[in-house]
Amino acid sequence: MRTRLRRLVVAAVVLLTATSGLPAAAADRHDPRDRHEQLSHGGLSAVVRYTEYGIPHIVAKDYKSLGFGTGWAQTADQVCTLADGFVTVRGERSRVFGPDAATDFSLSSATSNLGSDLYFRGVRQARTVEKLLAQPAPRGPSRQVKDLMTGFAAGYNAWLKQNRITDPACRGAAWVRPVTALDVAARFYAIAVLGGQGGAVDDITSAQPPTGSAATGADAEALVRAVRERTADAGMGSNAVAFRGDTTANGRGLLLGNPHYPWHGGRRFWQAQQTIPGELNVAGASLLGSPTISIGYNAHVAWSHTVSTGVPFNLHRLTLDPADPTVYVVDGERHRMTERTVTVAVKDGAPVTRTQWWTRYGPVVASADGELPLPWTTTTAYALGDPNAANMRFADTSLGFGKARGTADVLASLARHQGLPWVNTIAADSSGHSLYTQSQVLPRITDDLASRCSTDLGRTTYPAAGLAVLDGSRGDCALGSDADAVQSGIFGPARMPTLKDAPYAENSNDSAWLANADRPLTGYERVFGNVGTQRSMRTRGAIEDVAAMAERGGLSIRDLQRQQFANRVPAGDLAAADVARACAALPGGTATGSHGKAVDVTEACSVLADWDRTADTGGRGALLFDRFWRKLAAKVPAAQRWKVPFSAADPVRTPHTLNTGAPGFATALADAVAELRGAGIALGSRLGEHQFVVRNGQRIPVPGGTESLGVWNKIEPVWNPAGGGYTEVTTGSSYIQAVGWDGSRCPVARTLLTYSQSSNPGSSHYGDQTRLFSGEKWVTSRFCEKDILSSPALRAFRVSERN
């Protein structure tokens, strides 16, 4: 009965859409009626209907066909970006683009194409992904996910075969070629290991045995700094908050998701709805190359993710055989490292062959100035353990979310598949439940294990940064396993920091401790994150905002929309008045800049005093405060910045009271004023006049602010004073969703993809949602059939392997 119903609904959709217009790419070649006839005979096919802003609603009879429709539609919008990523995971960047060119860091930390290729060719050569695909579910991917991957590859290939590429980024390029399901799976693998092996690619591919007797020890402080930079990347992040039903106007849950992700390259989101009648109906955004919805909602539940503080890798110190630095000793027994010799083809040059060194713990990492500054000496080396290198479960976890009927099902999917590599999950449902959980794949480093087995280096890095450095010469220092863990060496679901049904559950990339300030989470292992330490400015501002919202109650979708674009600058609320007063008290209204010259700052005093403490595009004073705040952070150490220090007893409101007497304060102010004047930028100019992106020659003002300012609507712009100020955005607010329910079968959702669906300058969806973002406007979700069919922008057609 279920199968028959599914077929009837799909057939009805096809009949409804058969005579609708085609998108531009398809309409170039065929009349819609002819195309429907041609595509209806055999092979994979799906119905794709576009509504406003190029958002596709994909309907298919099964998972392979759904993957096909998703691959086809993603490729139509992002063919060049997808093709570039497939070149990466095949290890062919050096052959196509040259070995020395830089990557865009979308799929690894490799600083050059050669380093990227050496790693990914090694993965391909070792058949790592194939072995993971062969694992039975739930340790490996389900048949449904494998079908989605197969279908996605077929959809990508069909689009290439049936359409002309117009994007100048790859138009006519020979490197845009068909892919396989293995290529799609390899892209999932690359995303999974970003926090571990993928974040240490240069250290893996450049590690070589020592050739001399000189030995230097590892620098613990340098390693702590490196780990903190990796786990608190200013460019990445996210906010999300779920509200319990008793805080809302109708007793149902609410969720606001605001992931901060790259605006360019292979880690962009792409928006869609996926439907298999009677089986799956979910909307939201996918990471490029993924056939599942990564962040989204359905008729019952909504979820979002934030990058977590858990350290998804660990190190083992290897004790080496004095006679051979490629032999390590465990419990007195000698073990020879495995040589992984990789050859990479190079454009206009001879192939390059390098050897990587692998151990029972993982690859050897060594670099004086890399991601992990570690030496390889004649007596000691370090191996990187990455449990996500055995994780091909991300897609099944997300697919489980898409089918969930509540937050309990979200937790159930996390418990069954255990596939999220480096993110928290925040969710709300139509029954009024809220959820925060740091359910992710982490090495099973207990505090007890770290206490028993840490090396001298680890005794510094573990408490300071959560990085365990264990004694690899002892068998009793193995990671062990939890009974409820799907793979050995990771924590099981029972150990994950989780908060159920709090009035609000919020995360802004700090640890689980203050997901709700009134119900702090404690008792988890240090590898998950810290407790009782200073929170970021963004976390502090977010908790102030959402706690006040929950206490006020009666919340609706409009309140979520207001929160997203309030653009409040918490750093400004804390410090701007003090800055203005100290500025006005400077003798003669001048301050000495770094260049040693006096700068008249009188005008700056009044601009900062009058500033409304927001990062709205029309606000005056935000740009001046931003430039000052960055310079203050560079000149005044954090410990000297505030008069009232951090207190764990009052973590949201401390530290506070700016120390305007600190050496460097007046210099920072003078430098900010001189910088703006030197660029011809008025101190009191509107933010949007000098914080913008350019799309097809048009300036589009961008609201929001950088990490250190604490703005919920975070953006990381590129400073280009000669070009007029901040003239591009690298990362920041990306796929935003505000979701609730009203008792009907249709979720109430407002969404926004800040950088728009397509990377192609010739597409009508290259900057349309970016203009909405500039105007702080939203897209009203069309989830239910009646809403899709009533769209004035509706374009519907069928796609198939046969043209």
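This structure is a prediction, so every number in the text was calculated from the model and none was measured.
A salt bridge does not link Asp62 with Lys64: none of the charged nitrogens is closer than 4.0 Å to a carboxylate oxygen. Looking at Asp559 and Arg562, a side-chain N of the basic residue comes within less than 4.0 Å of a carboxylate O on the acidic one, giving a salt bridge. Between Arg252 and Asp742 no salt bridge is recorded (no basic side-chain N to carboxylate O distance below 4.0 Å). A salt bridge links Glu279 and Lys403; the closest N-O separation between the charged side-chain nitrogens and carboxylate oxygens is under 4.0 Å.
Using modelled atom types, one finds no donor on one side chain facing an acceptor on the other under 3.5 Å when comparing Asn281 with Asn298. The closest side-chain donor-acceptor pair between Thr770 and Ser756 falls under 3.5 angstrom. Side chain to side chain, Ser45 and Arg798 meet the donor-acceptor criterion of an N or O pair below 3.5 Å. Between the side chains of Gln418 and Thr397, no donor-acceptor pair of N or O atoms lies under 3.5 Å. With hydrogens and angles left out, the side-chain atoms of Asp545 and Gln563 include a donor and acceptor closer than 3.5 Å. Using modelled atom types and a 3.5 Å distance limit, the side chains of Gln78 and Ser759 yield a donor-acceptor pair. Under 3.5 Å, the side chains of Thr306 and Asn509 contain no donor-acceptor pair of N or O atoms. Asp77 and Trp270 form a side-chain donor-acceptor contact under 3.5 Å, judged by distance and modelled atom types alone. Side-chain N/O atoms of His433 and Asp501 include a donor and acceptor closer than 3.5 Å. Side-chain N/O atoms of Thr128 and Glu130 include no donor and acceptor closer than 3.5 Å. Counted by atom type alone, Thr498 and Thr437 present one or more donor-acceptor pairs between their side chains at under 3.5 Å. Checked by atom type, the side-chain pair Gln74/Ser286 shows no donor-acceptor distance below 3.5 Å. A side-chain donor from one of His305 and Thr425 sits under 3.5 Å from a side-chain acceptor of the other.
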- What's the verdict on side-chain contact (heavy atoms from CB on, under 4.5 Å) for Met496 and Tyr524, showing C-alpha distance, side-chain angles and the deciding distance? CA-CA 8 Å; Met496 304 296 172; Tyr524 46 85; over 6 Å; no
- So Ser308 and Gln440, side chain to side chain donor-acceptor pair (under 3.5 Å) or not? Walk me through it. CA-CA 9 Å; Ser308 76; Gln440 66 170 123; 2.5 Å; yes
- Task: In sequence, state the C-alpha distance, the side-chain angles, and the governing distance for Arg393 and Gln487, and then conclude on side-chain contact (heavy atoms from CB on, under 4.5 Å).
- Result: CA-CA 11 Å; Arg393 304 182 300 273; Gln487 75 180 68; 2.9 Å; yes
- Intermediate values then yes/no, ring pair (Phe, Tyr, Trp, His ring centres under 6.0 Å), Tyr297 and Trp741: CA-CA 11 Å; Tyr297 58 94; Trp741 297 268; 8.4 Å; no
- Item | Worked verdict on Phe394 versus Asp396 for side-chain contact (heavy atoms from CB on, under 4.5 Å) | CA-CA 6 Å; Phe394 191 171; Asp396 272 299; over 6 Å; no
- So Ile788 and Gln273, side-chain contact (heavy atoms from CB on, under 4.5 Å) or not? Walk me through it. CA-CA 11 Å; Ile788 295 169; Gln273 181 177 3; 3.7 Å; yes
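Checking side-chain atoms of Arg750 against main-chain N and O of Trp778 turns up no donor-acceptor pair under 3.5 Å. Thr407 places no side-chain N or O within 3.5 Å of a backbone atom of Leu435 that could act as its donor or acceptor partner. Proximity of a side-chain donor or acceptor of Thr539 to a complementary backbone N or O of Arg535 within less than 3.5 Å is not detected. Checking side-chain atoms of Ser791 against main-chain N and O of Ala793 turns up a donor-acceptor pair under 3.5 Å. Remark: the backbone N or O of Asp787 is paired with a side-chain donor or acceptor of Ser790 at under 3.5 angstrom. With hydrogens and angles disregarded, no donor-acceptor distance shorter than 3.5 Å links the side chain of Gln438 to the backbone of Pro497. Between the Asn391 side chain and the Gly419 main chain, a donor and an acceptor come within less than 3.5 Å of each other. Of the possible polar contacts, one joining the Asn239 side chain to the Trp712 backbone as a donor-acceptor pair under 3.5 Å is found. With Ser511 contributing its side chain and Gly529 its backbone, the two residues share no donor-acceptor pair below 3.5 Å. Although no hydrogens or angles enter the test, the distance criterion places no donor-acceptor pair under 3.5 Å between the side chain of Arg244 and the main chain of Gly432.
Residues Ala46 and Ile58 share a closest heavy-atom pair of CB-CG2, 4.3 Å. Looking at every heavy atom in both residues, Ala749 comes nearest to Val739 through CB-CG2, 4.1 Å. What you find for Ser413 and Gly400 is that their closest heavy atoms are OG-CA, 3.4 Å. Closest non-hydrogen pair, Pro312 versus Val441, comes out as CB-O, 4.1 Å. Here the closest non-hydrogen pair linking Val48 and Pro56 is CG1-CB, 3.9 Å. Of all heavy-atom pairs spanning Ala299 and Phe783, the tightest one is N-CZ, 4.0 Å.
A 4.5 Å side-chain heavy-atom check between Trp263 and Thr754 finds at least one atom pair inside the cut-off. Put simply, the side chain of Ile543 reaches to within 4.5 Å of the side chain of Leu514, judged on heavy atoms. At a threshold of 4.5 Å between non-hydrogen side-chain atoms, the residues His260 and Ser733 count as touching. Two residues are said to be in side-chain contact when any heavy atoms from C-beta on lie closer than 4.5 Å; Arg444 and Asp482 meet this criterion. No side-chain heavy atom of Met149 sits less than 4.5 Å from a side-chain heavy atom of Asp147. Residues Asn157 and Trp159 fail the side-chain proximity criterion, which asks for heavy atoms closer than 4.5 Å. The shortest distance between side-chain heavy atoms of Arg139 and Met392 does not fall below 4.5 Å. Proximity of Leu560 to Gln564: side-chain heavy atoms (C-beta onward) are nowhere separated by under 4.5 Å.
Between Phe269 and Tyr755, the distance from one ring center to the other does not fall under 6.0 angstrom.
In this structure, CG in Asn713 is found 6.0 Å from CD1 in Ile736, a value given to the nearest 0.5 Å. To the nearest 0.5 angstrom, Phe152 atom CZ is 8.5 Å from Phe188 atom CZ. Annotation: the span from Ser431 atom OG to Arg405 atom CZ amounts to 9.5 Å, rounded to 0.5 Å. Between the CD atom of Gln271 and the CD1 atom of Ile55 there is a distance of 3.5 Å, given to the nearest 0.5 Å. With rounding to the nearest 0.5 angstrom, the CG atom of Leu479 is 10.5 Å from the CD1 atom of Ile490. In this structure, Ser304 OG and Tyr735 OH are separated by 8.5 Å, a value rounded to the nearest 0.5 Å.
With Phe86 as the aromatic partner, Arg187 meets the cation-pi criteria of under 6.0 angstrom to the ring centre and within 45 degrees of the ring axis.
Taking the six-membered ring for Trp and thresholds of 30 and 60 degrees, Tyr261 and Trp422 have nearly parallel ring planes, at less than 30 degrees apart.
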